[in-house]
Amino acid sequence: MSEEPARIPADEELETVAELSKRRGFFFPASRAYGGVAGFYTYGPEGASLKRNIEDSWRDLFVTQEGHMEISAPDVMPEPVFEASGHLDGFDDMIIECPACDSSHRADHLVEDATRIEEAESLPIPEVEALIAEYDLDCPVCGEALTDVPVEEFNLMFETNIGPGTSSPGYLRPETAQGIFVEFPQLKQYARNQLPFGVAQVGTAWRNEISPRRALVRVREFTQAELEHFIDPETDEPPLERVADVELTLYPADEQEAEDGGEASDASRTSSDGSDGTYLTMTVREAVEENVIASDWVAYYLGLARDWYDRVGLDMDRFRYRQHLSGELAHYAADCWDAEAELGGDWVEITGFAYRSDYDLSKHGTHSDEEFTLFRQYDEPQRVERATVDPDMSVLGPEFGGDAAAVADALRDLVEHDPDAFDGETVSVEVDGEAHEVDTAVADFSREEVTESGEHITPHVVEPSFGIGRIVYSVLTHAYGRDTVDGEERAYLDLPAEVAPTTVGVFPLMDKDGLGERAREVEADLRGAGFAVTYDDSGNIGRRYRRQDEVGTPYCVTVDYDTLEDDTVTVRERDSTDQARVPVAELPATLTALRAGTTAIDDL
RNA sequence: GCGCCGUUGGUCCAGUGGUAGGACAUUAGCUUCCCAAGCUAAUAGCCCGGGUUCGAUUCCCGGACGGCGCACCA
C-alpha cells in the first residue's frame, strides 16, 4: 500500500522536475551536440506524448465541445501584417545602456520623462539620441551622463526573408492569433456571416527573448492554443449559466495594489506566502454580480477553463486567476486576467484571458484591402436620410487638373461627416493642405431617403490564450510526488489517465515459460484497441512498476503463471498500487472504464 | 544585454598540472512466480576555442549553455 505522500520542498521542486525531465525524456535543451541554444527545448518521447495529450484535451473542450472551428495558419507572415497588428511599432524598444553601471533603460521613456514629448517611441533613433544630449539626461540608477551613448533597438520579433533578397521581409508570428485575425474575411464566410463564432488554433509562436529563463517558462519558440471568439458586443451574451457555479480563486488588481503599497507591477513574481488571505474565492455567478470580473465573456472562460486545468492535472491549490494591473495591459487589451500556476514558490502565467474588443479586426480592416466587418441585418429595414455627392468630373478635371480626383474624394469624405457644409453656394475642401472652393452644384449634392436593411459591424474578440509548454511544465511539476510503498520510497507522477504519455504497461512476471510470448499477445491486443502501451520485461516486477510510476503511467498489466491457466491478468493501479485480477478478454473494456473513472480498481 | 555562481559517463556527484572515481540508471547473464533485492560482467564522461606549460579536465582569457539577481516579457 502507498502511504505518506510527501510534497517536494519548493526549492528542490524545479531541480527535481528538470532532472526527471532530462533522464526520462520529457524535455531537454535542444541542439546540445552543438553547445545548445538558449530558449529552445526538445520534447522527448514522454514529453511529446504528454504535450499532445494536453493539446488534444484542449481541442476536445474548446473546439469539439464548444462547437468552434480550428484552423492551421503559417508561422511566417509578411511585414504588413505586423505593421497593422502593432507588433512592429510596439516592439522596436529603444534601449540605452549605462556605460558606468550597465543598467538598461528604455530610451524613449527617459525622453518622455524629461520632456513634454508623449510618444517618443515613434521618433527615429538619431532624434532620441539628440534629445538625450540636448537635455543632458543622466542614468536614473547611477547618475552617469548618457550623452553620446548609443541607443539600440531591441526587436523581439524573429525576422526572415520571404524568397531571395531582402525586398520581402517576413516575421515568425509572435502569437498564433494574428493567423486567425488575418483570415477573418474567409472565416466569416465559413461561419455563414453569423456571429458569434470561434476560431481556434494550436500552433507555434516565436519571440526572440532577451533572456530565456526557467526551463519551459520563458522560451523563444513555444506552442500556443488560442481561441478567438468573435462576438457582437451589443447582442451576444455568453452562456454563463453553464459555468455559474464553478468556484474561482481570484486575485483582483485592487488586492494586488493593496498588498504591496501600490508597487505591484511585479506581482507575477510575488511568492505564494505573501499572498495568502488576499484572494477572493467565489463562483462565476458571484464574480459577475459583484463586478469583480468586468466582462461576462472573460468570466465565462475563466469558469470554463478552471475545470479544464483540473482535468489535465494541475493542482488547484496551486492555481489562481490574477487580474492585470492597468499599467500591465497589452496594447490591445481592455481587461485581462491571467491563469497562474505556482511553481517552486513563484507564480507563472499559463494563460491570458483578454477582451481584445475590435482592436485587431479594425487594424487589419484599415491596413488591408479586405472587409473585416460583418453585415448585421436589422429586424425591419429602416428609412434613413442620406446626404450624397456625385462630383461632376467634367468640371473638376479642367479646374483642378491632377488634383481633381483628390478633390472628389475629399467631397465624398466631407459629405459623410458634415453634410451641412454643403448648405451654401460653394463648399471648401482641403487637399494636401491647400483649400479648394467647389460649387455645390458641381458637387451635385443631394439628400435622399434610402432604405437600409442593416449595418456593417466590427466584431469584438474574446481571447483565451494558453501557453501549452508552460502548462505541460506546470502539470509535470504539480504531478510529481514521492511516497513510501512497502517501506521503499518511490517517485511518481499522478497524471490524469487522459494525459499520461502511456496508459498501460504490460509485463511478463518473468520472461520464461511462455509468459513473455503471452504478454506480447496482450500487448498487441491492447495496441489494437487503441491504447498507448509500453512493454517491459527488464528487471524484477517491482522495478518495472517503479519505472512506469515515474512517468505517470496509470495502469500496469502483469502476465503471470495463472494467466497460462485461466487467461486472467493482474491490473495494478499507480496511485494506490492496488491490484485486481481481470480476464484478458475484458481488459480493453476494463481499462477504458478505469480511465474514464466509471469503474474503480476496488470494484473489480 | 549586464553582474555573481556554475558546467566531470544517461542522471546526480567526488577529484586531479602527468587524460579520472563513486552512486543510481541502462544492457547481458545467473537468481527471483507481484512492488526499485542479490551476484557477475559490459557500455559510457572532464562544454567549446585560445593562452601559459614538457604536459591543461585542473590555472588564465574569451565564448556557449545553465541557475540566481537587474533589465525585458506585446
Side-chain angles (χ1 to χ4, degrees), chain A residues 1-2 11 14-16 18-25 28-40 44 82 85-93 95-106 141 152 154-157 174-175 177-178 205 207-215 217-220 266 268-269 328-333 336 344 346 349 352 354 356 359 465 484-492 507-513 515 538-550 556-564 569-572 574 577-579 581:
Chain A
M1 278 303 297
S2 93
D11 56 345
L14 297 185
E15 283 176 44
T16 306
E19 188 269 326
L20 173 71
S21 295
K22 272 186 282 190
R23 188 164 46 77
R24 295 305 305 270
F28 51 89
S31 305
R32 211 173 71 153
Y34 292 92
V37 51
F40 295 91
F82 301 110
S85 71
H87 285 109
L88 274 179
D89 274 357
F91 272 8
D92 275 346
D93 286 350
I95 301 288
I96 189 166
E97 195 173 307
C98 173
C101 71
D102 292 325
S103 61
S104 289
H105 307 279
R106 286 278 295 269
V141 172
E152 309 207 348
F154 263 139
N155 191 340
L156 295 177
M157 301 260 280
E175 55 173 0
Q178 294 306 323
R207 296 178 191 176
N208 204 358
E209 295 286 353
I210 297 165
S211 177
R213 283 289 161 89
R214 299 167 71 193
V217 173
R218 198 194 310 180
V219 289
R220 291 182 164 132
D266 207 20
S268 62
R269 291 193 182 166
E328 192 181 354
L329 290 173
H331 60 262
Y332 52 71
C336 188
D346 290 323
E349 174 192 350
R356 294 178 79 135
Y359 180 90
S465 171
T484 304
V485 179
D486 292 344
E488 299 280 354
E489 185 176 83
R490 69 164 178 165
Y492 63 94
F507 317 141
L509 184 58
M510 290 183 296
D511 193 13
K512 62 180 188 183
D513 301 329
L515 294 183
S538 173
N540 75 46
I541 196 71
R543 178 180 294 270
R544 284 175 266 167
Y545 285 142
R546 294 308 206 289
R547 278 195 194 110
Q548 294 307 311
D549 288 342
E550 200 179 29
C556 291
V557 165
T558 300
V559 170
D560 58 17
Y561 285 98
D562 289 353
T563 310
L564 302 182
V569 291
T570 60
V571 175
R572 179 262 198 186
R574 177 195 64 211
T577 74
D578 288 346
Q579 288 180 306
R581 191 158 271 281

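Numbered from 1 within each chain, the chains take letters A, B, ... in sequence-line order.
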Item to check | Distance, rounded to the nearest Å, where Glu175(A) contributes CD and rC73(B) contributes P | outcome: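 Checked: the CD to P distance equals 15 Å.
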Checklist entry - Asp346(A) has an atom CG; how far is it from atom C1' of rC73(B), in whole Å? => result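 After rounding, the gap between these two atoms is 15 Å.
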Checklist entry - In Å and rounded to the nearest 0.5 Å, what is the OG1 to CZ distance from Thr577(A) to Arg546(A)? => result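 It is 8.5 Å, given to the nearest 0.5 Å.
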Which pairs, protein N/O on one side and nucleotides 32-37 of chain B N/O on the other, fall under 3.5 Å?
unit_1	atom_1	unit_2	atom_2	d
rC34(B)	O2	Tyr545(A)	OH	2.6
rC34(B)	O2	Gln579(A)	NE2	2.6
rC34(B)	N3	Tyr545(A)	OH	3.4
rC34(B)	N3	Thr570(A)	OG1	3.1
rC34(B)	N3	Gln579(A)	NE2	3.2
rC34(B)	N4	Asp560(A)	OD2	2.9
rC34(B)	N4	Thr570(A)	OG1	2.8
rC35(B)	O3'	Arg546(A)	NH1	3.1
rC35(B)	O2'	Arg546(A)	NH1	3.2
rC35(B)	O2	Arg546(A)	NH1	3.3
rC35(B)	O2	Arg572(A)	NH2	3.1
rC35(B)	N3	Arg572(A)	NE	3.0
rC35(B)	N3	Arg572(A)	NH2	3.3
rC35(B)	N4	Arg572(A)	NE	3.4
rC35(B)	N4	Thr577(A)	O	2.7
rA36(B)	N7	Glu489(A)	O	3.0
rA37(B)	OP1	Arg543(A)	NH2	2.7
rA37(B)	OP2	Asn540(A)	ND2	2.5
rA37(B)	N7	Asn540(A)	ND2	3.3

Checklist entry - Under 3.5 Å, is there an N or O donor on one side and an acceptor on the other linking the side chain of Arg214(A) and the base of rG66(B)? => result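 Answer no: no donor N or O sits under 3.5 Å from an acceptor.
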Determine the Euclidean distance between corresponding [atom1] atoms of [M] and [N]; express it in Å to zero decimal places.
{"N": "rC47(B)", "M": "rU43(B)", "atom1": "C1'", "result": "22 Å"}
{"N": "rG66(B)", "M": "rC59(B)", "atom1": "C1'", "result": "23 Å"}
{"N": "rU26(B)", "M": "rG1(B)", "atom1": "C1'", "result": "42 Å"}
{"N": "rU58(B)", "M": "rG17(B)", "atom1": "C1'", "result": "7 Å"}
{"N": "rU27(B)", "M": "rG9(B)", "atom1": "C1'", "result": "15 Å"}
{"N": "rA14(B)", "M": "rU31(B)", "atom1": "C1'", "result": "33 Å"}
{"N": "rG18(B)", "M": "rA71(B)", "atom1": "C1'", "result": "46 Å"}
{"N": "rA44(B)", "M": "rC70(B)", "atom1": "C1'", "result": "41 Å"}

Checklist entry - Would Arg356(A) count as a cation-pi partner of Tyr359(A), with NZ or CZ less than 6.0 Å from the six-membered ring centre and within 45° of the ring normal? => result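 Here Arg356(A) fails the 6.0 Å and 45° test against Tyr359(A).
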By side-chain contact (heavy atoms from CB on, under 4.5 Å) - contacts of [X] (at least two apart):
{"X": "Thr16(A)", "value": "Ile8(A), Glu12(A), Tyr480(A), Arg482(A)"}
{"X": "Glu349(A)", "value": "Asp338(A), Arg470(A)"}
{"X": "Asp562(A)", "value": "Asp560(A), Asp566(A), Arg581(A)"}
{"X": "Phe28(A)", "value": "Lys22(A), Thr42(A)"}

With [X] via side-chain hydrogen bond (donor to acceptor under 3.5 Å, both in side chains) - residues at least two apart:
{"X": "Ser538(A)", "answer": "none"}
{"X": "Arg207(A)", "answer": "none"}
{"X": "Arg572(A)", "answer": "Asp549(A)"}

Checklist entry - Which residue lies toward the 5' end of RNA chain B, Phe40(A) or Ser538(A), if each is placed at its nearest nucleotide? => result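 With Phe40(A) and Ser538(A) compared, the 5'-side residue is Ser538(A).
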Next on the checklist: What I want to check is whether the side chains of Thr558(A) and Tyr545(A) have a donor and an acceptor closer together than 3.5 Å.
Outcome noted: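 Yes, side-chain donor-acceptor contact under 3.5 Å.
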Donor-acceptor contacts under 3.5 Å from residues 29-38 of chain A side chains, at least two apart:
none

Could you write out each protein N or O paired with an N or O of nucleotides 10-12 of chain B at a distance under 3.5 Å?
unit_1	atom_1	unit_2	atom_2	d
rU11(B)	OP1	Arg32(A)	NH1	3.4
rU11(B)	O2'	Glu19(A)	OE2	2.4
rC12(B)	OP1	Lys22(A)	NZ	3.4

Using the 3.5 Å cut-off, write out each protein N or O paired with an N or O of nucleotides 62-65 of chain B and the distance between them.
unit_1	atom_1	unit_2	atom_2	d
rA64(B)	O2'	Gly35(A)	O	3.1
rC65(B)	OP1	Ala38(A)	N	3.2
rC65(B)	O4'	Gly35(A)	O	3.4

Checklist entry - Please walk me through it: do Glu488(A) and Arg543(A) pass salt bridge (Lys or Arg N to Asp or Glu O under 4.0 Å)? => result CA-CA 11 Å; Glu488(A) 299 280 354; Arg543(A) 178 180 294 270; over 6 Å; no
Next on the checklist: Stem list for RNA chain B, please, built from Watson-Crick and G-U wobble pairs under 3.5 Å and keeping only runs of at least 3.
Outcome noted: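 Paired runs of 3+ in RNA chain B: B:1-7 with B:64-70, B:10-13 with B:21-24, B:26-30 with B:38-42, B:47-51 with B:59-63.
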Checklist entry - So, Arg218(A) side chain and Ser211(A) main chain: donor-acceptor pair closer than 3.5 Å or not? => result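 Such a contact is found between Arg218(A) side chain and Ser211(A) backbone.
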Item to check | Charged N-O contact under 4.0 Å between Glu19(A) and Arg23(A) | outcome: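 Yes.
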